[in-house]
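All remarks here apply to the structure that follows.
Note: hydrogens, waters and symmetry copies are ignored here, and every other heavy atom, side chains too, is used.
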Amino acid sequence: MPIQAAADTQNQSRTLPLFLLLAGCAIRLWLAHAFFLNPDEALHYLLSVQPSLALTYQATLSTAHPPLYIVFLHYWGYLGSCEFFLRLPSVLASTAFYWMIFLWVERVANRKATLIALSLMLFSPALIYLSIEVRQYPFLLFFCASALCFLEYALSKNSVAQLVLSAVGLWLALLTHYSALFFAFTIGLYALIRIWSARPRAGFIGAWIATELVALGIVSVLFKTHISQQISSGRTDAIADSYLRGSIFHSAQDHVVSFVFKTTIRLFHYFFSQEVVGIVGLLLFVYAIVILWRSPSQPAVPSQPASRQLAFLLAFPLIANCALALRGIYPYGGTRHDSYLTIFAIPGIAIALARWSPQKKWISPAALATVLLICNLFPAPTGQYIARKNQSRKVMLGAVSFLRDLPPGSIIFTDNQGGLLLSYYMCDRKVVLFDPPYEDLFAAPCGNSQVVSLDPRKWIFQATTFPEELRGVQQSYNPTSKHAIWVFQAGWLVDKEVDFRAGLRQFGCPTTHDFGRNILACEMVLPNGTTIK
């Protein structure tokens, strides 16, 4: 009878987490179907569309990521290429990630903190959006969480088998995204601290050393074949000076203290898509670190880490990533590149919130649900973002239908992000350049039209250079004005949008055809023989 009672308690303890997990998965499945691909998603898919595995691997060398995800996508794409099908692995990987985080927090904190951490993870606006994308991050998070969870089980049970499972998760993470390098350093130090205090058997220590050597071998190979080439090509510096500029320290413009405060606030703002909620989350995280550090050093349960060991695990990755940003090595702040920090930040917030015990038990979950609802209904995110109503799949299909009805021979002039979307949605082929030598104005056929795209290193239209680029299109591809020139812009970013639209009006487009907030098409109507000046 006691055994049956324990089993019933265990089943009851899993009912609410599984319900939350299913609700979160259902939301993601719906969004995966409802949204059109963003430019980076289209880029990842197009990179994977290669005749062979060797060419697929070769294509990954031009990106800032390890090869594993693109190689996986290469084979997955054989089964289907619609948005929902391409996103399905990401949704499944992210769902598995949340469950692994639940299991890990369950090992190191109380049940209330575990449920809060799961709820915050599942309904964080940033993580919802990230977990449906055709990108590396859902797999990265799943592999990292698996490595952490299995390590905790291995240390508590002195199990080599669990240790190997943890190592496999770490190896796969390293092959998925380069932020796993910093995760690997953190989890390695944490394991060393735990091993030093627990003194497991020699066989366990030997197995751990062997798994770490394999991880070092993977890093060495990646550095030799890929990372060194990225550094020498200058791609990393170009990224640091463009859309990640605010997340990298620039000594000539930034002050160290203000940079640390600003980027840390932006990091927590990113998690919740609301600055005020992010600031509160940051304060709760700091509070959790303080109370863990001041708690008794010995754990309440022998298999758990000591409070100070847990405080180190939660705080160190944020401190280390901030230090890397100060050195100009890796971004820190409100960007998806730091999404792996949710593994540490959100459980810290949950541990602090779990200490709040109002007299009426329903107040705590009601307050948490209200805050998360506000974050999702009224998001104010950092970084690149397309509002949900503007990323509706119907909006993109309407724009593509409009372009397909253009007169035969029309010229569609677009930037790189627009060209990536046209490649996937309209042209059924790549109409932008992926590898050097690059051309400033690259032309490719697309149905009855011709697409002319910018040098991919420019990425988007710039208001200051747009007139010169449009003049180049007219002179190179439409010298007699026999065919219409249509400007197509789609994606996250518009440089100086007011000036850009003013430039369109100046060159013969009084009214744009807008499809939501992030897609426009505009015909450049010029008298015969007129040249843009």
Side-chain angles (χ1 to χ4, degrees), residues 21 24-25 27-29 31-32 35 37-38 40-49 53 56-57 59-61 63-81 83-104 121-122 124 126-151 165-184 186-187 214-215 218-219 221-222 226-227 317 330 335-344 346:
L21 196 70
C25 184
I27 291 171
R28 286 159 173 80
L29 288 172
L31 293 175
F35 284 0
L37 300 185
N38 64 48
D40 271 7
E41 290 181 280
L43 172 63
H44 281 70
Y45 169 70
L46 294 169
L47 283 168
S48 74
V49 182
L53 174 60
T56 302
Y57 173 75
T60 67
L61 298 180
T63 72
H65 304 294
L68 182 61
Y69 178 71
I70 300 296
V71 170
F72 163 79
L73 203 58
H74 169 75
Y75 291 105
W76 184 255
Y78 285 135
L79 303 178
S81 60
E83 299 100 321
F84 179 79
F85 194 79
L86 291 176
R87 286 168 166 161
L88 185 59
S90 294
V91 174
L92 297 178
S94 64
T95 303
F97 157 66
Y98 302 124
W99 189 247
M100 297 306 295
I101 282 292
F102 171 82
L103 294 176
W104 172 65
M121 289 277 193
L122 279 169
S124 157
L127 289 183
I128 289 175
Y129 191 79
L130 201 69
S131 62
I132 68 167
E133 290 188 317
V134 185
R135 285 206 272 204
Q136 291 85 356
Y137 298 101
F139 286 83
L140 166 73
L141 294 173
F142 168 61
F143 293 144
C144 288
S146 298
L148 190 57
C149 181
F150 285 121
L151 176 65
L165 288 175
S166 172
V168 170
L170 180 61
W171 301 338
L172 292 173
L174 289 169
L175 291 168
T176 301
H177 196 274
Y178 285 125
S179 61
L181 290 168
F182 317 127
F183 174 83
T186 297
I187 197 175
V214 173
I218 292 172
V219 173
V221 171
L222 288 173
H226 193 207
I227 299 175
Y330 194 79
T335 169
R336 63 184 181 274
H337 303 82
D338 299 324
S339 58
Y340 77 100
L341 293 176
T342 57
I343 295 173
F344 309 101
I346 289 185

**Heavy-atom pair with the smallest gap, counting every atom of Ala147 and Ser166** = O-OG, 2.6 Å
**Message:** I'd like to know if the side chain of Ser81 reaches the main chain of Gly77, judged simply by a donor and an acceptor atom lying under 3.5 Å from each other, with no hydrogens or angles considered.
**Reply:** no
**Request:** Give the intermediate values and the outcome of ring pair (Phe, Tyr, Trp, His ring centres under 6.0 Å) for residues His177 and Tyr340.
**Result:** CA-CA 10 Å; His177 196 274; Tyr340 77 100; 8.4 Å; no
**Request:** Would you name the heavy atoms of Thr176 and His65 that are closest together and state the gap between them?
**Result:** O-CB, 4.5 Å
**Request:** Consider only side-chain N and O atoms of His337 and Thr335, and report whether a donor and an acceptor are under 3.5 Å apart.
**Result:** yes
**Prompt:** Looking at Ala215 and Trp171, what are the two nearest heavy atoms and their distance?
**Reply:** N-NE1, 3.6 Å
**Prompt:** Which atom names give the shortest non-hydrogen contact between Leu122 and Gly24, and what distance separates them?
**Reply:** CD2-CA, 4.2 Å
**Asked** Is the backbone of Tyr57 close enough, under 3.5 Å, to the side chain of Thr60 for a donor and an acceptor to pair up by distance?
**Response** yes
**Prompt:** Taking the side chain as C-beta and beyond, is there a heavy-atom pair between Phe150 and Val168 under 4.5 Å?
**Reply:** no
**Message:** What verdict does the side chain to side chain contact (heavy atoms under 4.5 Å, CB included) test give for Glu133 and Asp40, after you've listed the backbone C-alpha separation in whole Å, the side-chain angles of each residue and the deciding distance to 0.1 Å?
**Reply:** CA-CA 9 Å; Glu133 290 188 317; Asp40 271 7; over 6 Å; no
**Asked** How many angstroms lie between atom CG of Leu141 and atom CE of Met121, to the nearest 0.5 angstrom?
**Response** 8.0 Å
**Prompt:** What distance do Ser90 atom OG and Ile132 atom CD1 have between them, rounded to the nearest 0.5 Å?
**Reply:** 9.0 Å
**Message:** Before you tell me yes or no, could you show the steps for Thr56 and Tyr75 under side chain to side chain contact (heavy atoms under 4.5 Å, CB included), namely the whole-Å CA-CA distance, both residues' side-chain angles and the distance that decides it to 0.1 Å?
**Reply:** CA-CA 10 Å; Thr56 302; Tyr75 291 105; over 6 Å; no
**Request:** Could you walk me through whether Leu31 and Tyr129 pass side chain to side chain contact (heavy atoms under 4.5 Å, CB included), step by step?
**Result:** CA-CA 8 Å; Leu31 293 175; Tyr129 191 79; over 6 Å; no
**Request:** Keeping the roles fixed (side chain from Trp76, backbone from Phe85), state whether a donor-acceptor pair exists under 3.5 Å.
**Result:** yes
**Asked** Taking atom CG of Leu37 and atom NE2 of His44, what is their separation to the nearest 0.5 Å?
**Response** 11.5 Å
**Request:** Supply the atom-to-atom distance Thr186 OG1 to Phe344 CZ, rounded to the nearest 0.5 angstrom.
**Result:** 5.5 Å
**Considering all heavy atoms, the nearest Leu174-Leu222 contact** = O-CD1, 3.4 Å
**Fill in**
Rounding to 0.5 Å, atoms CG (Leu46) and CG (Leu73) come to a distance of 10.0 Å
**Prompt:** Can you tell me how far the CD1 atom of Ile187 sits from the CG atom of Leu148, to the nearest 0.5 Å?
**Reply:** 5.0 Å
**Request:** Could you check if a side-chain atom of Glu83 sits within less than 4.5 angstrom of a side-chain atom of Phe35, using non-hydrogen atoms only?
**Result:** no
**Prompt:** Is there a donor-acceptor contact under 3.5 Å from the side chain of Arg336 to the main chain of Ala126?
**Reply:** no
**Message:** One pair to check against side chain to side chain contact (heavy atoms under 4.5 Å, CB included): Ser179 and Leu140. What are the steps and the verdict?
**Reply:** CA-CA 9 Å; Ser179 61; Leu140 166 73; 3.3 Å; yes
**Item:** Side-chain heavy atoms of Phe97 within contact of Ser131, under 4.5 Å
**Value:** no
**Request:** Classify the ring geometry between Tyr178 and His226 as parallel (under 30°), tilted (30 to 60°) or perpendicular (over 60°).
**Result:** tilted
**Request:** Please report the shortest heavy-atom distance between Leu175 and Leu68, naming the atom on each side.
**Result:** O-CB, 3.0 Å
**Asked** Is the side chain of Glu41 donor-acceptor paired with the backbone N or O of Val134 at a distance under 3.5 Å, no angle test?
**Response** yes
